[in-house]
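Report on the following structure.
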Amino acid sequence: MGGRILKPLPRSFFDRPSHEVAPDLLGRVLVHGPVALRLTEVEAYGGPGEDPAAHTYRGKTPRNAVMFGPPGHLYVYFTYGMHYCANLVCLPEDHGSAVLLRAGEIVEGADTARSRRTAPGAAARRLPERDLARGPARLAVALGLHREHNGLDAIHTGSGALAVYAGEPPEPGLVRSGPRTGISTAKDVPWRFWIDGDPTVSPYKAHVPRRRSAAATSVGDTPSS
DNA sequence: ATGCAGATAATCT
DNA sequence: GATTATCTGCATG
């Protein structure tokens, strides 16, 4: 039969700098339980002292500890008071770099992904296929990744529920790179990688400084007069 | 199609 | 107390 056997990626795949792993991750297939996703957009983040935009820039903390662990593990963080984002750790232990999984195409378990992505109360209309994992927080929901999965090993061991497979890498000419999304420092570092023309790639958003609430700025912010 | 504002809490200074 | 590796809904052209 035509059933293609997916080859699991070995740990050594991730034992490289994150900006080398990131573009190589495009087209690979991440499987978590019933849902499989082909990566179409990722971002690399560097280690302490070398990447101001990285969570590890100022060293090890309880939150980013997993990034200082062995490669091939999942780093899941919580942000904006409501979203989870998932990364894959790179380089040997103690380096603190990773690749943020920003978007992908659901290739298996779309019904599961869709129900996870459909809010209880809202959404009378059907969510477009391309939006199921278009953006890092949406991707985490679609794959069912949460805080409890922080530190999980993503290397196929024969028993784990999570693994990354070789998949079909895109045509080299279709891989594009540019500045990372939504960061306030290191804005020019071109460590965002995506597959050109793929509809599941998220729209680029530059960082917008959120203005403090009016109440918080009421004292002492008057210009000279 | 694009743009803005609000949501909402862990984390770090 | 400020910031945040974001998303959604509602507004307008």
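For the numbers below, each heavy atom of this structure counts, side chains included, while hydrogens, waters and symmetry mates do not. Fair warning: this is a prediction, and the values are worked out from it, not measured in the lab. First the proteins, then the strands, lettered A, B, ... as listed; each starts at 1.
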Heavy atoms, side chains only, cut-off 4.5 Å: are A:Asp153 and A:Arg11 in contact?
yes

So A:Phe193 and A:Val21, do their side chains get closer than 4.5 Å, heavy atoms only?
no

Is the shortest side-chain N/O distance from A:Arg134 to OP1 or OP2 of C:dT6 below 4.0 Å?
no

Which residues, if any, of residues 57-84 of chain A bring a heavy atom under 4.0 Å of DNA chain B?
A:Arg58, A:Thr61, A:Arg63, A:Phe78, A:Tyr80, A:Gly81, A:Met82

When you compare the side chain of A:Leu30 with that of A:Leu143, does any pair of heavy atoms fall below 4.5 Å?
yes

Tell me the interatomic distance from A:Lys205, atom NZ, to B:dA5, atom P, rounded to whole angstroms.
13 Å

A:Phe13 six-ring face occupied by A:Arg16 cation (under 6.0 Å, within 45°):
yes

Scan A:Arg192 against the nucleic acid and name what it touches under 4.0 Å (heavy atoms): base, sugar-phosphate only, or nothing.
nothing

Base, sugar-phosphate, or nothing for A:Ile183, non-hydrogen atoms under 4.0 angstrom?
sugar-phosphate

Donor-acceptor check, side chain of A:Arg58 to backbone of A:His55, threshold 3.5 angstrom: yes or no?
no

Go through the side-chain N and O atoms of A:His19 and A:Tyr45 and say whether any donor and acceptor fall under 3.5 Å apart.
no

OP1 or OP2 of C:dT4 versus the side-chain N and O atoms of A:His207: is any pair under 4.0 Å?
yes

Any side-chain N or O of A:Arg117 below 4.0 angstrom from OP1/OP2 of C:dT8?
yes

Within the structure shown, what part of the strands sits under 4.0 Å from A:Ala137 by heavy-atom distance: base, sugar-phosphate, or nothing?
sugar-phosphate

Spacing of A:Phe193 atom CZ relative to C:dA5 atom P, expressed in whole Å
19 Å

Over how many whole Å does the gap from A:Tyr45 atom OH to C:dA5 atom P extend?
7 Å

Rounded to the nearest Å, what distance is computed from the CG atom of residue A:Leu139 to the C1' atom of nucleotide C:dA5?
13 Å

Looking at A:His55 and C:dA5, is any side-chain donor or acceptor paired with a base atom of the opposite kind under 3.5 Å?
yes

Taking atom P of C:dA5 as reference, at what distance in whole Å does atom CG of A:Asn87 sit?
11 Å

Under 3.5 Å for both donor-acceptor distances, Watson-Crick or wobble: does B:dT13 have a partner, and if so which one?
none

Which nucleotide, in any strand shown, forms a Watson-Crick or G-U wobble pair with B:dT8, with both distances under 3.5 Å?
none

Round to a whole Å and report the spacing from CD of A:Glu41 to P of C:dA5.
16 Å

Whether A:Arg210 contacts B:dG6 is assessed here as follows: a side-chain N or O lying under 4.0 Å from the phosphate OP1 or OP2. Is that the case?
no

Supply the atom-to-atom distance A:Asp198 CG to A:Glu105 CD, rounded to the nearest 0.5 angstrom.
6.5 Å

